[in-house]
2 protein chains.
Amino acid sequence: MIKIDEIEESLKNKGYKLTKQRNSIIEVLIENIGKFLSVEDIYLKCKDKYPKTNLSTVYRNLEILEDINLVHKTNITGASASYEIVCSDCHHHHVICKTCGKTEVIDFCPIQEFTSKVAEDGFLVTDHKIELYGYCKNCTKKVIKE
Amino acid sequence: MIKIDEIEESLKNKGYKLTKQRNSIIEVLIENIGKFLSVEDIYLKCKDKYPKTNLSTVYRNLEILEDINLVHKTNITGASASYEIVCSDCHHHHVICKTCGKTEVIDFCPIQEFTSKVAEDGFLVTDHKIELYGYCKNCTKKVIKE
DNA sequence: ATGGCTGCAAACGTTTTGCACTTTT
DNA sequence: AAAAGTGCAAAACGTTTGCAGCCAT
């Protein structure tokens with residue numbers, strides 16, 4: 001499990017301060033492990049916790065969290081970026097339904113096979129992004145019906 | 001190999017017309033198989049071939065080409081979208097150097113293992129995106145030197 | 001001759017920035 | 001007290017759109 005204290009400790013150690021805004025962003029991300037949240041989503045959920053939160057602040061903090069690898073950024077929709085907190089002991093990827101947009105978690109990850117192939121060329125892999133697109137059970141049914 | 005005639009035939013069959021602009025976009029994409037080009041890159045290269053080309057036209061055509069699956073879109077940089085032409089007999093993924101931004105092609109693809117896992121849940125996978133990030137041989141050396 | 005395509009300019013939504021002020025350390 | 005963080009408003013950026021005219025079929 002992710003512990004908020006550990007994350008905050010790690011921020012402190014890097015010289016970042018713990019503000020109420022930053023704290024609420026992290027809380028929101030932790031409450032939504034396994035989902036990608038859009039910046040707008042995060043912003044709105046943070047406002048519930050701490051109404052003064054500003055959108056710029058959310059952007060600035062997500063950038064910091066991404067820089068220190070506490071958060072993964074993706075651009076599924078093309079519209080606006082989405083974020084998910086990194087959880088080292090529950091590494092996973094997502095399948096994304098092209099019809100309803102729902103995402104599901106896949107625990108399987110073949111990255112080892114990949115990195116060993118690439119390592120032969122002297123490339124050092126530190127990070128990866130895998131996303132599967134298609135149609136979920138529900139939406140497949142609909143397609144067949146129509 | 002990709003043949004420009006086949007692509008154009010397939011566009012014609014779908015009711016799209018062959019304009020000089022559309023043609024030059026396809027040419028540029030074919031000349032850059034294995035690389036992701038930003039919209040701006042494509043635009044500039046097209047202007048070399050056909051100076052009247054407009055940025056909106058590039059956007060509109062890339063959208064069409066993506067819709068009919070002749071082109072893959074990605075958002076590596078976060079800044080602007082990148083495109084690569086689809087080549088059915090040379091499916092591949094990329095490793096992307098976080099220092100110099102260079103991309104290299106990896107021929108290996110573990111998608112089969114993935115889709116069979118997901119199929120159990122009734123999810124139908126039609127498409128996927130795999131990107132590896134890290135440091136290329138050159139940049140790894142530099143990091144060590146410093 | 002028709003319908004699709006283009007160039008242009010303006011509009012749009014997301015993200016970033018400068019600055020004065022506030023908060024954490 | 002110093003440094004980092006914030007809110008606000010404005011700017012910047014990539015992308016999309018409406019429209020009048022153009023071009024491929």
Side-chain angles (χ1 to χ4, degrees), chain A residues 4-5 7-28 36-44 46-68 70-83, chain B residues 4-5 7-28 36-68 70-71 73-83:
Chain A
I4 193 159
D5 303 358
I7 293 177
E8 296 187 337
E9 198 57 38
S10 129
L11 277 166
K12 256 189 189 169
N13 290 342
K14 294 197 167 83
Y16 295 107
K17 293 178 176 172
L18 287 184
T19 64
K20 300 200 179 79
Q21 292 88 334
R22 182 164 291 159
N23 202 62
S24 67
I25 293 170
I26 296 170
E27 278 183 25
V28 166
F36 277 119
L37 295 183
S38 70
V39 178
E40 193 70 15
D41 285 342
I42 297 170
Y43 170 56
L44 293 175
C46 283
K47 271 194 123 166
D48 286 345
K49 289 182 186 287
Y50 190 70
K52 276 171 49 185
T53 307
N54 186 273
L55 185 55
S56 308
T57 304
V58 175
Y59 272 106
R60 282 191 269 233
N61 274 293
L62 289 173
E63 199 189 338
I64 290 174
L65 292 171
E66 202 203 350
D67 283 350
I68 59 179
L70 286 179
V71 134
H72 267 170
K73 182 182 186 178
T74 189
N75 250 72
I76 293 177
T77 58
S80 88
S82 294
Y83 292 85
Chain B
I4 193 159
D5 303 358
I7 293 177
E8 296 188 338
E9 199 57 38
S10 129
L11 278 165
K12 257 190 187 166
N13 290 342
K14 295 199 167 82
Y16 295 106
K17 295 182 174 167
L18 288 182
T19 63
K20 300 201 178 78
Q21 292 88 335
R22 183 163 291 158
N23 203 62
S24 67
I25 292 170
I26 297 170
E27 278 183 25
V28 165
F36 278 118
L37 295 184
S38 71
V39 179
E40 192 70 17
D41 285 343
I42 297 170
Y43 170 56
L44 293 175
K45 285 177 200 288
C46 284
K47 272 195 123 166
D48 286 346
K49 288 183 186 289
Y50 189 71
K52 274 169 49 184
T53 306
N54 187 274
L55 185 55
S56 308
T57 303
V58 175
Y59 273 107
R60 282 192 269 235
N61 275 293
L62 288 173
E63 200 188 340
I64 291 173
L65 292 171
E66 201 201 353
D67 283 348
I68 58 180
L70 285 179
V71 133
K73 182 182 184 177
T74 190
N75 249 73
I76 293 177
T77 57
S80 88
S82 295
Y83 291 86

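Proteins come first, then strands; the chains are lettered A, B, ... in the order of their sequence lines, and each starts at number 1. Model, not experiment: these values are computed from the prediction.
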Quiz item: If you find the nucleotide of DNA chain C closest to A:L55 and the one closest to B:G15, which residue's nucleotide is nearer the 5' end?
Solution: B:G15
Practice problem: Considering just the side-chain nitrogens and oxygens of A:T19, establish if one lies under 4.0 Å of OP1 or OP2 belonging to D:dT6. | Solution: yes
Quiz item: What is the distance, rounded to the nearest whole Å, between atom CD of A:E66 and atom C1' of C:dT15?
Solution: 13 Å
Quiz item: What residues, two or more places apart in sequence or in another chain, satisfy ring-ring contact (aromatic ring centres under 6.0 Å, His included) together with A:F36?
Solution: A:H94
Quiz item: B:E9 has an atom CD; how far is it from atom P of D:dA24, in whole Å?
Solution: 17 Å
Quiz item: Taking atom P of D:dA4 as reference, at what distance in whole Å does atom CD1 of A:I64 sit?
Solution: 11 Å
Quiz item: Taking the side chain of B:R22 as its heavy atoms from C-beta onward, which of C:dC5, C:dT15, D:dT15 lies nearest to it?
Solution: C:dC5
Exercise. Please report, rounded to the nearest Å, how far the P atom of D:dC22 is from the OH atom of B:Y50.
Key: 13 Å
Quiz item: If only atom types and distance count, is the side chain of A:R22 paired as donor or acceptor with the main-chain N or O of A:N61 below 3.5 Å?
Solution: no
Practice problem: State which of C:dT14, D:dT15, D:dT6 makes the closest approach to the side chain of A:T57. | Solution: D:dT6
Self-check item: Whole-Å distance separating the OH atom of A:Y16 from the C1' atom of D:dA3
Solution: 13 Å
Quiz item: Taking OP1 and OP2 of D:dT15, is either one under 4.0 Å from a side-chain nitrogen or oxygen of B:Y59?
Solution: yes
Practice problem: Have a look at A:Q21 and say if it touches a base, only the backbone sugar-phosphate, or nothing, with a 4.0 Å heavy-atom cut-off. | Solution: sugar-phosphate
Quiz item: Which heavy atom in A:Y43 sits nearest to a heavy atom in A:T53, and how many Å separate them?
Solution: CE1-O, 3.4 Å
Quiz item: Over how many whole Å does the gap from A:Y43 atom OH to D:dG7 atom C1' extend?
Solution: 10 Å
Exercise. Ignoring backbone atoms, test whether A:N54 places a side-chain nitrogen or oxygen under 4.0 Å from the OP1 or OP2 oxygen of D:dT6.
Key: no
Exercise. Take A:S38 and A:D41 through the side chain to side chain donor-acceptor pair (under 3.5 Å) test and state the conclusion after the steps.
Key: CA-CA 5 Å; A:S38 70; A:D41 285 342; 3.2 Å; yes
Self-check item: Distance below 4.0 Å between A:N75 side-chain N/O and C:dT14 OP1 or OP2
Solution: no
Exercise. Using whole Å, report how far CG of A:D67 lies from P of C:dT16.
Key: 11 Å
Quiz item: How close or far is atom C1' of C:dT6 from atom CD1 of B:I25, stated in whole angstroms?
Solution: 11 Å
Quiz item: With a 4.5 Å limit on heavy-atom distance, are the side chains of A:L11 and A:I68 in contact?
Solution: yes
Quiz item: Are any of A:K20's side-chain N or O atoms less than 4.0 Å away from OP1 or OP2 of C:dT24?
Solution: yes
Quiz item: Among C:dT14, D:dC8, D:dA2, which nucleotide sits nearest the side chain of A:K17?
Solution: D:dA2
Quiz item: Can you find a donor-acceptor N/O pair under 3.5 angstrom joining the side chain of A:R60 to the base of D:dG7?
Solution: yes
Quiz item: Between the side-chain atoms of A:S56 and the base atoms of C:dT17, is any donor-acceptor pair under 3.5 Å?
Solution: yes
Quiz prompt | Sub-4.5 Å side-chain heavy-atom contact between B:K73 and B:L62 | solution = no
Quiz item: If you find the nucleotide of DNA chain D closest to A:L18 and the one closest to B:K52, which residue's nucleotide is nearer the 5' end?
Solution: A:L18
